[in-house]
Every structure is written in C-alpha cells, then in structure tokens.
Amino acid sequence: QDASYVPASVFAGGSGTQNDPYLVTTSAQYNRIGQVAAHMNKYFKLTGNIDFGGATVGMIGDDGEPYTGTFDGQGYKIQNAVVKGDHPLAGHIGVFGYVSGGTVKNVVFENLAVSSSGDYVGGAVGALTGSGVISQVGVSGTSSVSGRDYVGGFIGNVNSGTIEKSYTVANVSGRSNIGGFAGYLRNGHVSVTFGVSDTYARGSVTASGDYAGGYAGYYMSDSNTSWITRSYASGVVTSAGVNAFGFMAYLQDGNNASTI
C-alpha cells in the first residue's frame, strides 16, 4: 500500500487539504497525527477540547519528519497531556517536536508536562525553523517543562520563523541555557529571519548550571532581521551557576543589529 495513503476514517472528517482539513475530535485521532509520516504536511482542525487525563502523547514532527502542515486548534484546548523524551540523545522535544515551514495556531496546552533527558526541549514546540509560524498558542494551568540544555517553557530552539501572540506559564528546569519562554533563540545566517512578538512567560526558571533567563536562556543573531518585541517575563529565576537574569541570560549579536 502507498505509504502516503491516509484512510479518511482515521479522523472525524476531512481530507487533509487546506480547504478540507482533517477534523480531530478524540485523543486517539490526535495521537494518530504523529504516528504517520504522510500526516506531516496535512491540515488539521480540532473540533473541541481533548483531555488526555495524564496519559503520554506522541509528538507531532521530529528531526527526521518535521511538521510542515497547518494545525488549527480553533481556540480549543489539549488538556493534561504528558510528553517524554527519555533518551539522552533525544532532542527537539515538545507537543510539536519539530516544525519546519508549518503553522500551529489557535490552541492552548493546559496542564502540560514535558520532560526529557536531552536538549532543545519546549512546552508547545521543540524546534521552529524555515518559514514556520506559531500564532496564538498558549501553555497554561499547572504546566512544567524539564530537560538538559536549551530548555524553554514555550519553545526549545528557534532557528527561523515567526512566533506571535503566544504565552507560557510553565515552570521550567534544566542544566544550562534555560529560559521561561525559549531556551535558544538562534539565527546563524544573514539570509535567515526570525521574529517574536506579543509574547510572555510567567513561570519560574531553575538552572543547575549557567545561563538562566526569565524569557530566554541564549539569544544569538548574526542577522539584521531578527527581533523580539512587545514581550515580557515575570517568573522567578534561579541558577546555581553564572548569568541569571530576569529577561535574557546571554545575548550574542554579531552585527549589533537585532531588536529587543
């Protein structure tokens, strides 16, 4: 059977296109998204809240098969979900593990627990790259995010793309480069753009090593088209090492042209 074939009966309706997205109603249907590589470029819509009751859920997208489609929560919630990345080499862990050119919008992850023994761990998203867009996404309730290095309450690693009108209240913990919103905001190429606007982080940040920021652990930009605007952090920041700050733990700007 063709690996790209997706039976319509898997979801509550739709065909996975922009004009006819797959409709996701149950926890089983939601989990099915990340289980099939052919789903990674499809369009999805939630039709209501989905409560996982503390069950572990599979990530949507990873390094090998990033999510490139569009997920529209329509304002609904994914509740009480657990995401785990237990292998030390497991990186880019989050509800959406790796988004490359895709869009995630209009959804709240309530009482979310994300944990990993690896790096680049985020609440909503592990990594964002390409022309990806994260818009009007929240991490709410009694949420927590933990990992090793480059851990953020909302996102682990931003390489390029746009995040707007999004927030997290998750408490965040890890070793080094830990941020209330983002672990690592990285832009290593002049031709690459990332922008973050209208966001906030309200959770606590705890680092057993160096570089802990209420908003971001590490910000690196060699591009004149990278910015963070209209954003704030209000959580308590604690670090056993050096560089613990209320907003940004470490800033490296090769062109002195970034906007914060």
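This is a predicted model, so every value here is computed, not measured. Position 1 is the first residue of the sequence; numbering continues from there.
- Residues Tyr218 and Ser176 have side chains not in contact (no heavy-atom distance under 4.5 Å, counting atoms from C-beta outward).
- Note on Tyr232 and Ile155: separate hydrophobic clusters, where clusters join Ile, Leu, Val, Met, Phe, Trp and Tyr whose side-chain heavy atoms are under 4.5 Å apart, directly or indirectly.
- Taking hydrophobic clusters as Ile, Leu, Val, Met, Phe, Trp and Tyr residues chained together by side-chain heavy-atom distances below 4.5 Å, Val10 shares a cluster with Val57.
- Between Val196 and Thr229, the closest side-chain pair of non-hydrogen atoms is not below 4.5 Å.
- When each of Val237, Thr206, Val172 is checked for a side chain to side chain contact (heavy atoms under 4.5 Å, CB included) with Ile178, only Val172 meets the rule.
- Take Glu110 and apply the salt bridge (Lys or Arg N to Asp or Glu O under 4.0 Å) test, not counting sequence neighbours, and it matches Lys77.
- Taking CD1 from Ile60 and CG from Asp62, the interatomic distance works out to 11.5 Å, rounded to the nearest 0.5 Å.
- Summarising the geometry, atom CZ belonging to Phe11 is positioned 9.0 Å from atom OG1 belonging to Thr26; distances are rounded to the nearest 0.5 Å.
- The salt bridge (Lys or Arg N to Asp or Glu O under 4.0 Å) check on Arg202 picks up nothing, with sequence neighbours excluded.
- Defined by atom type and a distance below 3.5 Å, a donor-acceptor pair is missing between the side-chain atoms of Asn171 and Ser144.
- Side-chain contact between Ile93 and Val114: present, with at least one pair of heavy atoms (C-beta onward) separated by less than 4.5 Å.
- Here the CG atom belonging to Asn177 is positioned 11.0 Å from the CG atom belonging to Leu185, to the nearest 0.5 angstrom.
- Ile134 has its side chain within reach of Val125: a pair of non-hydrogen atoms, C-beta onward, lies under 4.5 Å apart.
- Val145 places a side-chain heavy atom less than 4.5 Å from the side chain of Val151.
- Interatomic distance, CZ of Arg148 versus OG of Ser117, reported as 7.0 Å (0.5 Å rounding).
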Show me the donor-acceptor pairs within less than 3.5 Å that the side chains of residues 207-216 make with the rest of the protein, sequence neighbours left out.
{"unit_1": "Asp210", "atom_1": "OD1", "unit_2": "Val242", "atom_2": "N", "d": "2.8"}
{"unit_1": "Tyr215", "atom_1": "OH", "unit_2": "Thr199", "atom_2": "OG1", "d": "2.5"}

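- Taken together through direct or relayed side-chain contacts under 4.5 Å among Ile, Leu, Val, Met, Phe, Trp and Tyr, Val158 and Phe247 form part of one hydrophobic cluster.
- In this structure, Leu112 and Gly123 approach most closely via the heavy-atom pair CD2-O, 3.4 Å.
- The minimum heavy-atom distance between Pro66 and Asp63, with the atom names listed, is CD-O, 3.9 Å.
- In this structure, Phe52 and Tyr30 have perpendicular ring planes: the angle between them is above 60°, well past the 30° mark.
- In this structure, Tyr43 and Phe71 have side chains that are not in contact, with every pair of non-hydrogen atoms separated by 4.5 Å or more.
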Show the atom names and distances, to 0.1 Å, of all donor-acceptor pairs under 3.5 Å that link a side chain in residues 96-106 to residues at least two apart or in another chain.
{"unit_1": "Asn106", "atom_1": "ND2", "unit_2": "Asp72", "atom_2": "OD1", "d": "3.1"}

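- You'll find the side chain of Met59 stays beyond 4.5 Å of the side chain of Val95, heavy atoms only.
- The shortest non-hydrogen separation linking Ala170 to Gly153 is CB-O, 4.0 Å.
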Item to check | Ser197/Glu164 under side-chain hydrogen bond (donor to acceptor under 3.5 Å, both in side chains): CA gap, chis, key distance, verdict | outcome: CA-CA 5 Å; Ser197 62; Glu164 60 183 11; 4.8 Å; no
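- Judged by distance alone, the side chain of Ser231 and the main-chain N or O of Ile228 form no donor-acceptor pair under 3.5 Å.
- When side chains are defined from C-beta on, Ile50 counts as touching Val24, because their heavy atoms get closer than 4.5 Å.
- Within 6.0 Å of the CD atom in Gln35, the count of heavy atoms belonging to other residues, nucleotides or ligands exceeds 12.
- Note on ring orientation: taking the six-membered ring where Trp is involved, the planes of Phe44 and His39 are perpendicular (angle over 60°, cut-offs 30° and 60°).
- For Asp198, the salt bridge (Lys or Arg N to Asp or Glu O under 4.0 Å) partners two or more places apart in sequence, or in a different chain, are Arg230.
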Item to check | Residues Thr168, Phe181; criterion side chain to side chain contact (heavy atoms under 4.5 Å, CB included); working and verdict | outcome: CA-CA 7 Å; Thr168 179; Phe181 191 86; 4.0 Å; yes
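- The main-chain N or O of Val121 is never found under 3.5 Å from a side-chain atom of His92 such that the two would form a donor-acceptor pair.
- Residues satisfying the side chain to side chain donor-acceptor pair (under 3.5 Å) test with Ser15, not counting sequence neighbours, are Asp20.
- Residue Tyr22 is grouped with residue Met40 when hydrophobic side chains (ILVMFWY) are merged at heavy-atom distances under 4.5 angstrom, including chains of intermediate members.
- The cluster map of Ile, Leu, Val, Met, Phe, Trp and Tyr, joined by side-chain heavy atoms under 4.5 Å apart, puts Ile33 and Leu46 in the same cluster.
- Atom CG of Asp51 sits about 8.5 Å away from atom CG of Asn111, to the nearest 0.5 Å.
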Checklist entry - Are Val107 and Ile78 close enough, and set up right, to give a side chain to side chain contact (heavy atoms under 4.5 Å, CB included), and what steps lead you there? => result CA-CA 8 Å; Val107 63; Ile78 300 295; 4.3 Å; yes
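- Rounded to the nearest 0.5 Å, atoms CG (Asp149) and CZ (Arg175) are 4.0 Å apart.
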Next on the checklist: Run Ile163 and Phe154 through side chain to side chain contact (heavy atoms under 4.5 Å, CB included) and show every step you take.
Outcome noted: CA-CA 10 Å; Ile163 303 175; Phe154 187 86; 4.1 Å; yes
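- Remark: side-chain polar atoms of Glu65 are not paired, donor with acceptor, to backbone N or O of Gly61 under 3.5 angstrom.
- Considering every non-hydrogen atom in both Gly118 and Ser116, the closest pair reads N-OG, 2.9 Å.
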